[in-house]
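Read through the structure below, which is laid out as structure tokens, and then see the notes.
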Amino acid sequence: MTDPRSSAVSAVRRRTAIDALRRGAVPESGLDLLATGLDRFESALDAELDAVASGASVFKAVRGEYGSGKTFFTRWLGERAKQRNFAVAEIQVSETETPLHKLETVYRRLTERLSTSSFPPSALRPVVDAWFYALEEDALAAGADEDELSGAVEQLLAARLTEVSRHAPSFAAALRGYRSALAEGDEPTAAAVLAWLGGQPHVAAAARRSAGVRGDLDHFGALGFLQGLLTVLRDSGHRGLFVVLDEVETLQRVRSDARDKALNALRQLIDEVHSGRFPGLYLVITGTPAFYDGQQGVQRLAPLAQRLATDFTTDPRFDNPRAVQLRLSGFTQDSLTDLGITIRDLYATGASAPDRIKALADDAYVADLAQAVGGALGGKVGVAPRLFLKKLVGDVLDRIDQFEDFDPRQHYRLTVAGSELTSVERNLAAASSADGIDLEL
């Protein structure tokens with residue numbers, strides 16, 4: 001039976017999703033087309049997004065082993081946020097590129113990765129420009145004429161950023177400097193000031209002087225700048241900001257002093273979110289169970305462990321999606337097969353030979369392929385989705401669609417080479433073979 005989601009999908013959305021799977025990647029968009037088993041989260045998470053859109057703030061921790069779908073889940077939730085006109089940013093936590101204990105770097109990555117339903121990363125400049133346009137419209141609506149407009153906008157800017165200026169006065173100063181540079185036709189200075197506003201280091205001293213700001217953004221100033229960004233987003237028509245800090249478990253591998261600082265920074269972020277300082281923010285972190293439960297992770301800092309404590313002793317069917325921590329159980333043989341069937345149906349609706357695809361890659365064949373890929377990874381079905389979907393799309397469905405006489409049961413033998421595996425997948429497959437695994441289907 002064809003998935004009803006597949007029948008009314010634009011060609012662009014379908015192609016974007018299928019192309020990503022063919023590369024072995026999680027699609028950046030179109031996740032609603034592929035979602036299986038997430039319906040149990042929908043009601044609670046949609047209610048939280050709606051609350052954030054109304055001025056609340058939410059912190060969520062997602063736990064799951066490698067391959068359980070954490071990246072898929074957060075991008076799926078991010079798409080639901082964009083449907084509500086949120087801005088979205090996905091940040092990879094990394095010891096070298098984005099250390100969590102340096103919040104100024106986290107803020108910089110946030111502005112670099114900022115996207116909206118209308119603008120890809122970085123959407124910072126369009127958001128700021130839309131904000132100034134909104135201030136001008138509000139000033140004109142309040143009765144200001146063209147001669148008074150500049151002064152009226154300045155008054156509105158000060159009023160809207162009153163709370164922000166208490167914590168980060170340089171945020172408002174940089175916005176004024178950006179607007180002044182644009183008014184004078186000085187594009188290089190405007191771009192430099194906006195870069196400084198986005199947390200970029202090493203901005204030319206002349207540009208900083210023109211805006212009346214000094215130095216580079218620091219750890220504590222980053223929280224004030226985040227507060228300012230939320231204000232600008234709200235006033236420019238966005239209902240909130242959805243931020244993902246992905247792969248937080250990398251903290252377990254850093255030096256103990258940096259790890260302790262990072263864990264404390266995370267605790268500080270959670271407290272600030274819960275205090276109401278960031279209205280309109282939905283903040284998500286992802287990590288493995290070892291990060292949440294192990295002594296090299298959350299349990300190393302007792303106050304953080306208390307804030308993230310969630311009961312997972314019951315059957316996963318009864319997990320509370322309203323809790324601070326969500327558990328992704330990973331794929332089983334049945335759920336992996338269901339996902340493969342969903343992908344096959346989505347592929348078939350845009351294929352040149354949809355009937356042949358459904359006949360040759362029928363449900364039984366999809367199940368056999370899922371089982372074979374899991375076998376190639378040491379029987380670990382839970383970590384198989386990426387490789388399974390890559391093989392299904394690139395090795396099977398593409399060939400059926402292009403070659404009339406191709407029959408996957410006759411002409412295709414699954415081979416998993418070490419070079420196409422991630423390090424985790426390679427470790428799981430090592431027990432079977434160091435080079436490759438051939439499995440008859």
Q. Is the closest side-chain heavy-atom distance between Phe278 and Gln227 below 4.5 Å?
A. yes

message: Determine whether a donor-acceptor pair (N or O, by modelled atom type, separation under 3.5 Å) exists between the side chain of Lys60 and the backbone of Ala323.
response: yes

Is it the case that Tyr292 and Arg327 place a side-chain donor and acceptor less than 3.5 Å from each other? no

Next item on the list: Would you confirm whether Arg109, through its side chain, and Glu97, through its main-chain N or O, come within 3.5 Å as a donor-acceptor pair?
Entry: yes

Counting N and O atoms only, with roles assigned by atom type, does the side chain of Gln325 sit under 3.5 Å from a partner on the main chain of Val62, one being a donor and the other an acceptor? no

Notebook entry, point to check: How are the rings of Phe41 and Phe73 set relative to one another: parallel (under 30°), tilted (30 to 60°) or perpendicular (over 60°)?
Noted result: perpendicular

Minimal heavy-atom distance between Gly177 and Val193, with the atoms involved, is C-CG1, 4.2 Å

Rounded to the nearest 0.5 angstrom, the CG-CZ distance for Leu230 and Arg277 is 10.5 Å

Worksheet item: Going by atom types only, do Thr332 and Asp334 share a side-chain donor-acceptor pair under 3.5 Å?
Response: no

Open item on the list: Within the structure provided, determine whether Phe242 and Arg80 are in side-chain contact (heavy-atom separation under 4.5 Å).
Closed with: no

Q | Side-chain heavy atoms of Val58 within contact of Val273, under 4.5 Å | A | no

Quick note, salt bridge (charged side-chain N to carboxylate O under 4.0 Å, His left out) partners involving residues 238-251, not counting sequence neighbours, are none

Has the side chain of Ser335 got a donor or acceptor atom that lies under 3.5 Å from a matching backbone atom of Phe331?
no

Given 3.5 Å as the limit, does a donor-acceptor pair link the side chain of His101 with the main chain of Asp260, or not? no

In this structure, OG1 of Thr98 is separated from CG of Leu103 (nearest 0.5 Å) by 11.5 Å

Main chain of Leu100, side chain of Lys261: is a donor-acceptor contact present, judged purely on distance under 3.5 Å?
no

Rounding to 0.5 Å, atoms OH (Tyr282) and OG (Ser57) come to a distance of 11.5 Å

Between the CG atom in Leu369 and the CZ atom in Phe388, the distance rounded to the nearest 0.5 Å is 5.0 Å

Check: Between Gln333 and Ala367, is there a donor-acceptor pair closer than 3.5 Å when you use the side chain of the first and the backbone of the second?
Finding: yes

Q. Going by an N to O cut-off under 4.0 Å, is there a salt bridge joining Glu95 and Arg253?
A. no

Requested in this report: Measure the shortest side-chain to side-chain distance between Ile270 and Leu308 over non-hydrogen atoms and say whether it is less than 4.5 angstrom.
Outcome: yes

Check your understanding: Side chain of Arg234, backbone of Gly280: donor and acceptor closer than 3.5 Å?
Key -> no

Is it the case that atom NZ in Lys82 sees more than 12 heavy atoms from other parts of the structure closer than 6.0 Å? yes

- Is the closest basic N to carboxylate O distance between Arg160 and Asp138 below 4.0 Å? yes

Quick check against the 3.5 Å criterion: does Arg267 have a side-chain atom that pairs as donor or acceptor with the backbone of Leu304? no

When rounded to the nearest 0.5 Å, the distance separating CG of Asp345 from NZ of Lys358 is 5.0 Å

With a 4.5 Å heavy-atom cut-off, do Glu48 and Leu45 have their side chains touching?
yes

Original post:
Strictly under 6.0 Å, is that where the ring centroids of Trp196 and Phe225 end up?
Top reply: yes

